[in-house]
There are 4 protein chains.
Amino acid sequence: MTDHDLEIDELMDGDELTDKQKKIIVSAIESFAEKGFSATSTSEIAKKAGVAEGTIFRHYKTKKDLLLAIVAPVMAKFVAPFIIKDLQKVLHQDYEHFEDFLTAMLLNRRDFLVKNLSTVKILVQEIPFHPELKELFKEHIALKVYAQFIKLVEHYQAKGQIMDIPAYSVFRMTFSTIFGYLIARYMILPEADWDDEAETERTIQFIMHGLAGPNHSKK
Amino acid sequence: MTDHDLEIDELMDGDELTDKQKKIIVSAIESFAEKGFSATSTSEIAKKAGVAEGTIFRHYKTKKDLLLAIVAPVMAKFVAPFIIKDLQKVLHQDYEHFEDFLTAMLLNRRDFLVKNLSTVKILVQEIPFHPELKELFKEHIALKVYAQFIKLVEHYQAKGQIMDIPAYSVFRMTFSTIFGYLIARYMILPEADWDDEAETERTIQFIMHGLAGPNHSKK
Amino acid sequence: MTDHDLEIDELMDGDELTDKQKKIIVSAIESFAEKGFSATSTSEIAKKAGVAEGTIFRHYKTKKDLLLAIVAPVMAKFVAPFIIKDLQKVLHQDYEHFEDFLTAMLLNRRDFLVKNLSTVKILVQEIPFHPELKELFKEHIALKVYAQFIKLVEHYQAKGQIMDIPAYSVFRMTFSTIFGYLIARYMILPEADWDDEAETERTIQFIMHGLAGPNHSKK
Amino acid sequence: MTDHDLEIDELMDGDELTDKQKKIIVSAIESFAEKGFSATSTSEIAKKAGVAEGTIFRHYKTKKDLLLAIVAPVMAKFVAPFIIKDLQKVLHQDYEHFEDFLTAMLLNRRDFLVKNLSTVKILVQEIPFHPELKELFKEHIALKVYAQFIKLVEHYQAKGQIMDIPAYSVFRMTFSTIFGYLIARYMILPEADWDDEAETERTIQFIMHGLAGPNHSKK
DNA sequence: TATGAATGAGCTTTCATTCAT
DNA sequence: GATGAATGAAAGCTCATTCAT
């Protein structure tokens, strides 16, 4: 988990972080992910980061600001590439079949998840308790990702690749399956012995068949 | 959420709960679900329950004991009926098709979830932070539910109703989809306007087609 | 200063104060008077009172609440007797001359001041910084004492004992002189060698002649 | 209050103050007057002054040094003209009557007070808490002003203009009345609608009659 | 059984001050 | 001379827990 978190610079781009600031972020991510936001004390973060406790509050006015500073960029980064790059490829026929898009998305988001495991964990765990996070989430995921995905689904439905059911059901089932896989793989049983290639393939096939419906020989 | 939580007596059966004890449990469930275990103070629970702070500790030695007293029975109840009743029905041909079993399970577990929304929410949210909960979860879910489900899957695979893929993949995909639905329906967007019957049907169909694989005309 | 402060029970009547609570009040009065509210730490008060710091906050939600709990009753007690008892005496001819009333008031308020030296000191010192105190002060002193005093002045002006100048000027000059005396006597130079009787007499005479104006032989 | 405080250069003469230094002083005066010394943080002063926190400590080794740098010159200036100029006038028959001297003093000190309202406020409020200030005060006021005033009183007593009472009582009563007026006028009710000329006249008359005693037709 | 005063450790945050740049 | 990042002590306050009543 630790080795993946060295992407902080990349994640917090734009801001020039001091050395101590980076250490604070790294330590906070580690502790928040492990014990949760509320159960983590700032003194613990300071100690782990090797800075004085006051230093944390020089950079982040409150503990919650520190949380937001960690979690907000992840949300932005999660959405950004998904939408801009991949979606345009789809609409410009780069992915002729829904399956191709699905595969690309799963792999792409998996890489992101793996790189930002702890941070995503924090995000998922804290969202229920912080209205600000909920708001951010709605803005980014709900409005952007969802809206784009719906268009996409309708595109493939028109092509006859997806059954004629409401697009939001497609959205729900697709994401349930994908995130169900990623959560099981990286959060619940990360230490198990996974055959990633086979599991990915099976997951994609499950979704494809599930969405294709009863009358189809091959996609 | 509140009206569903009056099942406490039923959930905590066996123990004779005093009136105050019940109020404590109800208040704790409410606060834990809303703000999380760590962010909830015992004094807050006491105030909401209308009891003295000391009273909580007369019944539950520590705050964590209170959490366990809330969450443990839910875990037991969640598993119990699933295993004993439903499974035997399956093995005794009560459910000839996997689809029938799936439908029964989804409806059954949905009722349970609705009745115990807050408590399940607490369970899900706190599991990552409490080894004791993880342990309980493994005992109940992992060992009992999983083991039984696997047998079941193999039963239907033998009948040709389910594709020939590892049973644990079937388990993962099935539960992802079902819980994805229930979480979306009751936790993420409970206030949305759901057509429960249709959604349930679609979800079942999605799983069925997903698991049946490419070569099948009708289930 | 310490021996005068044992009047706490009397001052805080109505509330049944626990033993620790009394100790907290006494310690707080001592420290607030000596170093000022802002410069006094709650840990210091706790130590002096021989209680845990948490105990302070069990009884007074904030440090400022503690200040108000100390200062508010003093304000009430200061005003109460002045108005009710003395004033009625005046209006019922108990004090035929303004001088008699003045003497009674000075002695009466001097006793009060001596008994509540520290607390009054706190009140005077903190009023400029706390709007709540200003408000309390306006309510009690401005509205009650001032209003009653004005009536009184007009009463004696009608009798020809006081010069014909605005009553508020009489109020200001009278209180300036009296409190100027009390402040010098008990706050600025308490350790000097005062001939109280003579000083009191001189102060009264100063006010009487000052208010009688140029044309008078003897009061 | 703000427009009067621009006299800093005049007050701090001798020292060449940098631009930043002036801003620090102005900001500190404003905050100290409003919230008190202890309740004002150096960071707040720095922010208001538009300088870095460190800059304050480059010029004033400690926060208390900053207080002294503000308050000490006021004390000196308050005393200086009073003594040197006015007193000599008196002794050289410039003021034949005590009343003339009183009037001159009241007007003169009123101007000073108005010009240095905030700073005087700080001085008055902080004196009880800082032995250094008490010491300065004793040196300047007690020893210089008091000593000179006593001589003056005896001068006018010899002329029969002031009753034969101890000079220190005259001092006390005179200053109580004058400062009582100035405090009421400029600190307690600055926003009220004052007829300054009339009030000044009344105040002088009050003192004159008060000190003249019973047997006098006209001054 | 139930209370609630009392605790002391620990919480988040602020503070005056230092010092390398 | 001016900066502002860094500090660590201490601030006000909250916490889970204990115990005499």
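Per chain, numbering begins at 1; letters A, B, ... match sequence-line order.
Contact detail for D/L68 and D/P73: the closest heavy-atom pair is O-CD, 3.9 Å. The shortest non-hydrogen separation linking B/G36 to B/T40 is O-OG1, 2.7 Å.
In this structure the side chain of A/I25 reaches within 4.5 angstrom of the side chain of A/L66, judged on heavy atoms.
The nucleotide E/dT12 finds its pairing partner in F/dA11, both defining distances of the Watson-Crick or G-U wobble pair being shorter than 3.5 Å. Judged by Watson-Crick or G-U wobble contacts below 3.5 Å, the nucleotide F/dT21 has E/dA2 as its partner.
Here the side chain of A/A52 is nearest to one of F/dG12, F/dG8, F/dA16, namely F/dG8.
Using a 3.5 Å distance cut-off with no hydrogens or angles, the side chains of A/E53 and A/S43 do not pair a donor with an acceptor.
The local environment of NZ in D/K64 is crowded, with over 12 non-hydrogen atoms from other residues, nucleotides or ligands closer than 6.0 Å.
Comparing C/R58 and A/E44 along DNA chain E, the residue whose closest nucleotide (by nearest heavy atom) sits nearer the 5' end is C/R58. Mapping B/K63 and A/K20 onto DNA chain F by nearest heavy atom places A/K20 closer to the 5' end of the strand. When the nearest nucleotides of DNA chain F are assigned to C/F37 and D/V51 by heavy-atom distance, the more 5′-ward of the two goes with D/V51.
Each of C/I70, C/I122, C/V71, C/L67 was checked for a side-chain contact (heavy atoms from CB on, under 4.5 Å) with C/F37, and the lone residue meeting it is C/L67.
Put simply, CZ on A/F57 is 17 Å from P on F/dA9, counting in whole angstrom units. Atom CD1 of C/I45 and atom P of F/dA10 are 17 Å apart (whole Å). Taking atom NZ on D/K47 and atom P on F/dT3, their separation rounds to 15 Å, with Å as the unit.
Residue-level contact check: A/T18 touches the backbone only, with heavy atoms under 4.0 Å from sugar-phosphate atoms and none from bases. Among the atoms of the strands shown, none is found under 4.0 Å from any heavy atom of C/Q21. Within 4.0 Å (heavy atoms only), B/S38 reaches no atom of the nucleic acid at all.
The side chain of C/K61 contributes no N or O atom lying less than 4.0 Å from OP1 or OP2 of F/dG12. When the side-chain nitrogen and oxygen atoms of C/S41 are compared with OP1 and OP2 of F/dA10, none of them lie within a distance under 4.0 Å.
At least one cation-pi condition fails for C/K35 and D/F129: the charged atom is not both under 6.0 angstrom from the six-membered ring centre and inside a 45 degree cone around its axis.
First and last contacts of DNA chain E with chain B, using any nucleotide atom under 4.0 Å from a protein heavy atom and ordered 5' to 3', fall at E/dT1 to E/dG4.
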